[in-house]
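Beneath this line is the structure, given in structure tokens, with notes to follow.
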Amino acid sequence: MRKILSPRVRGYRQDFLKIAQVYPVPYLTGGSESSCVVFNLDTMEAPPVTMMPVTGGTINMMEYLLQGSVLDHSLESLIHRLRGLCDNMEPETFLDHEMVFLLKGQQASPFVLRARRSMDRAGAPWHLRYLGQPEMGDKNRHALVRNCVDIATSENLTDFLMEMGFRMDHEFVAKGHLFRKGIMKIMVYKIFRILVPGNTDSTEALSLSYLVELSVVAPAGQDVVSDDMKNFAEQLKPLVHLEKIDPKRLM
Amino acid sequence: MQREEKQLEASLDALLSQVADLKNSLGSFICKLENEYGRLTWPSVLDSFALLSGQLNTLNKVLKHEKTPLFRNQVIIPLVLSPDRDEDLMRQTEGRVPVFSHEVVPDHLRTKPDPEVEEQEKQLTTDAARIGADAAQKQIQSLNKMCSNLLEKISKEERESESGGLRPNKQTFNPTDTNALVAAVAFGKGLSNWRPSGSSGPGQPGQPGAGTILAGTSGLQQVQMAGAPSQQQPMLSGVQMAQAGQPGKMPSGIKTNIKSASMHPYQRVLSQDGGCYELVPRDDEARRSPDPGLPSDGVPLANDLHPPDLRVLRSVTWASHHG
């Protein structure tokens with residue numbers, strides 16, 4: 001239970017809030033050090049607003065997403081094409097175990113958090129992610145846009161979430177490849193169903209295809225990102241059709 | 001009379017030019033066959049034939065032209081036959097007919113085919129007449145139909161063989177699979193074993209959702225997973241970390257949710273213990289007031305790895321651990 005850390009809490013010698021609380025105080029970003037909300041619990045004061053500038057735009061990070069799939073036998077050609085198109089790095093593979101936690105409140109829609117851990121990299125931190133509802137309305141926007149909050153945590157994340165009242169809804173194992181091009185991230189992975197809850201060794205593949213995701217995490221309001229994504233997606237046709245798929249349609 | 005003569009002459013000229021063209025193309029075809037026999041390809045032979053047939057067609061058209069008088073009514077009678085060389089004739093026939101003599105005339109001025117050919121033609125016409133008009137029509141129609149069928153088959157085969165090379169490539173993705181995978185990642189359709197996902201209905205745990213899910217091949221996949229080499233590369237989350245903008249400020253959705261979570265039965269356990277800390281304050285004011293669990297001296301955190309709520313949570317777990 002020791003290390004629930006946010007990536008940029010540094011330098012402020014004040015207590016900071018519990019993760020669960022939200023202040024209507026505007027974000028205070030103190031230079032390069034900190035970008036968290038601070039509130040001095042002894043003196044009950046916020047630092048004077050004049051001292052720290054409020055920089056807008058980095059408050060809400062949005063995830064722009066395009067998804068598609070590729071059949072197993074065409075995976076190799078897709079990987080080759082991606083190696084050519086993307087930044088020149090060693091090909092990266094990953095094996096992750098993701099668990100999705102729900103908090104059922106009095107409202108109809110439960111609150112969803114996604115916890116992910118790496119199964120093939122020892123010592124890597126756990127990853128906690130919140131994804132909001134996709135923003136609707138703009139037909140010109142080529143990608144699915146939703147609010148996104150990412151945090152790295154320690155290994156006791158599941159215990160913490162259970163204590164908070166979350167219950168695990170489902171889990172799966174994702175195994176695949178990761179590519180990057182600038183700020184765009186392309187993941188090609190296969191989803192494995194876990195047959196015995198908690199036992200990541202007994203898995204079976206969900207389908208004969210790999211899921212392909214092109215995503216960008218960027219501040220809100222930068223719709224030019226979706227144009228870049230669309231241009232990149234064009235280059236992967238006709239192998240893969242990356243498009244914005246509304247999950248609500250598939251319910 | 002004058003007009004007819006003029007017409008005759010004009011048509012004769014046209015006929016002559018056509019026949020000359022035909023002769024030339026025939027000659028070149030023969031040359032091609034004789035000289036380039038080794039390298040001749042079927043398409044080029046077909047080209048020559050097409051040329052010849054085109055020229056024959058125009059010849060026919062010229063003959064059927066309305067302005068052409070019926071040549072059938074004209075008769076060519078040799079007036080003088082001599083065994084001497086005729087220079088004029090030589091010039092006109094390009095050296096082919098040097099002498100207008102008894103041997104030349106029957107061949108060149110012939111109006112009927114050979115007797116054998118005549119016999120065969122007569123036989124064919126009698127056969128055709130014997131069948132009868134209706135039967136002949138039917139035969140003509142069936143022949144036409146068979147030809148058109150054959151043509152269709154050939155053209156279809158040609159089209160298919162062209163696109164046949166492309167077709168395997170087209171099936172590089174399956175839209176059903178895409179939907180299934182996206183649904184699985186978005187809300188766990190087809191993934192949860194012990195708690196059925198919404199669409200698969202209650203009381204059906206562990207059943208596959210979308211139609212493309214494999215069954216019974218778990219052994220193979222297990223082996224593949226276990227055999228996956230682990231590599232020394234930055235993790236997926238590491239990438240996302242670099243891109244994440246900010247830390248603990250959660251969107252306001254959490255506020256209401258956690259607030260309602262205060263109705264969690266667990267909460268009551270805590271307060272009953274008395275002196276145990278509240279996990280979540282119940283209303284706005286409580287949020288702003290200092291947490292009773294925090295150390296009262298407000299010791300600044302020397303180490304941001306021990307935020308106060310961790311201590312809270314630690315004692316909470318203590319309390320909840322029943323022995």
Side-chain angles (χ1 to χ4, degrees), chain A residues 1 3-4 6-9 13 15 18-22 35-37 41-42 58 61 67-71 74 92-96 100 103 105-106 111 116 118 120-121 124 127 150 152 163 165 169-170 172 178 185 191-193 195 197 203-207 209 211 217 239-240 245 247 250, chain B residues 172-174 177-184 186-188 190-194 212-214 217-218 221-222 225 228 230-231 233 235-237 239-241 243-252 254-255 257-258 260-261 264 280 287 290 294 298 300-301 304-305 308-310 313-314 316-317:
Chain A
M1 285 299 192
K3 298 187 269 184
I4 303 199
S6 343
R8 294 199 202 162
V9 178
R13 297 175 146 265
D15 302 339
K18 299 172 196 176
I19 292 179
Q21 293 173 358
V22 168
S35 57
C36 90
V37 182
L41 284 173
D42 342 310
T58 53
M61 295 302 272
Q67 288 167 312
S69 78
V70 71
L71 291 168
S74 308
E92 285 191 29
T93 57
F94 64 91
L95 178 63
D96 283 353
V100 177
L103 184 66
Q106 283 169 338
F111 183 70
R116 207 154 170 155
S118 170
D120 58 350
R121 287 189 190 100
H127 178 225
D150 292 302
E163 298 296 343
D169 182 53
H170 60 270
F172 59 89
L178 172 67
K185 179 175 73 173
I191 298 178
F192 291 86
R193 203 151 64 98
L195 299 168
T203 59
E204 68 169 15
L206 193 61
S207 82
S209 293
L211 183 63
V217 178
L239 275 180
V240 177
I245 301 177
L250 302 172
Chain B
T172 51
F173 65 93
N174 183 356
D177 272 358
T178 311
N179 290 342
L181 289 170
V182 170
F187 48 86
L191 284 179
S192 50
N193 293 323
W194 35 282
T212 51
I213 295 175
L214 291 180
T217 57
S218 54
Q221 262 73 24
Q222 261 175 273
M225 283 248 312
S230 64
Q231 305 186 21
Q233 278 126 9
M235 193 193 125
L236 173 68
S237 71
V239 173
Q240 291 199 338
M241 276 284 294
Q243 295 166 348
Q246 79 277 357
K249 178 167 173 106
M250 294 293 208
S252 56
I254 300 193
K255 175 167 48 172
N257 277 331
I258 297 294
S260 59
H264 199 270
V280 173
R287 235 192 298 138
L294 282 177
L301 295 177
D304 57 352
L305 296 181
D309 50 347
L310 282 192
L313 290 169
R314 212 186 289 146
V316 159
T317 36

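Atom set for the values below is all heavy atoms of this structure, side chains included, hydrogens, waters and symmetry mates excluded. This structure is a prediction, so every number in the text was calculated from the model and none was measured. To find a chain, count down the sequence lines: A is the first, B the second, and so on, and within it residues start at 1.
The CG atom of B:Leu181 lies 5.0 Å from the CD1 atom of A:Ile191; values are rounded to the nearest 0.5 Å.
Closest approach of B:Phe173 and A:Val240 over heavy atoms only: CD2-CA, 4.4 Å.
The side-chain hydrogen bond (donor to acceptor under 3.5 Å, both in side chains) test with A:Ser69 is passed by exactly one of B:Asp177, B:Thr178, B:Asn174: B:Thr178.
Of the two parts of A:Val100, neither the backbone nor the side chain holds a non-hydrogen atom closer than 4.5 Å to a non-hydrogen atom of chain B.
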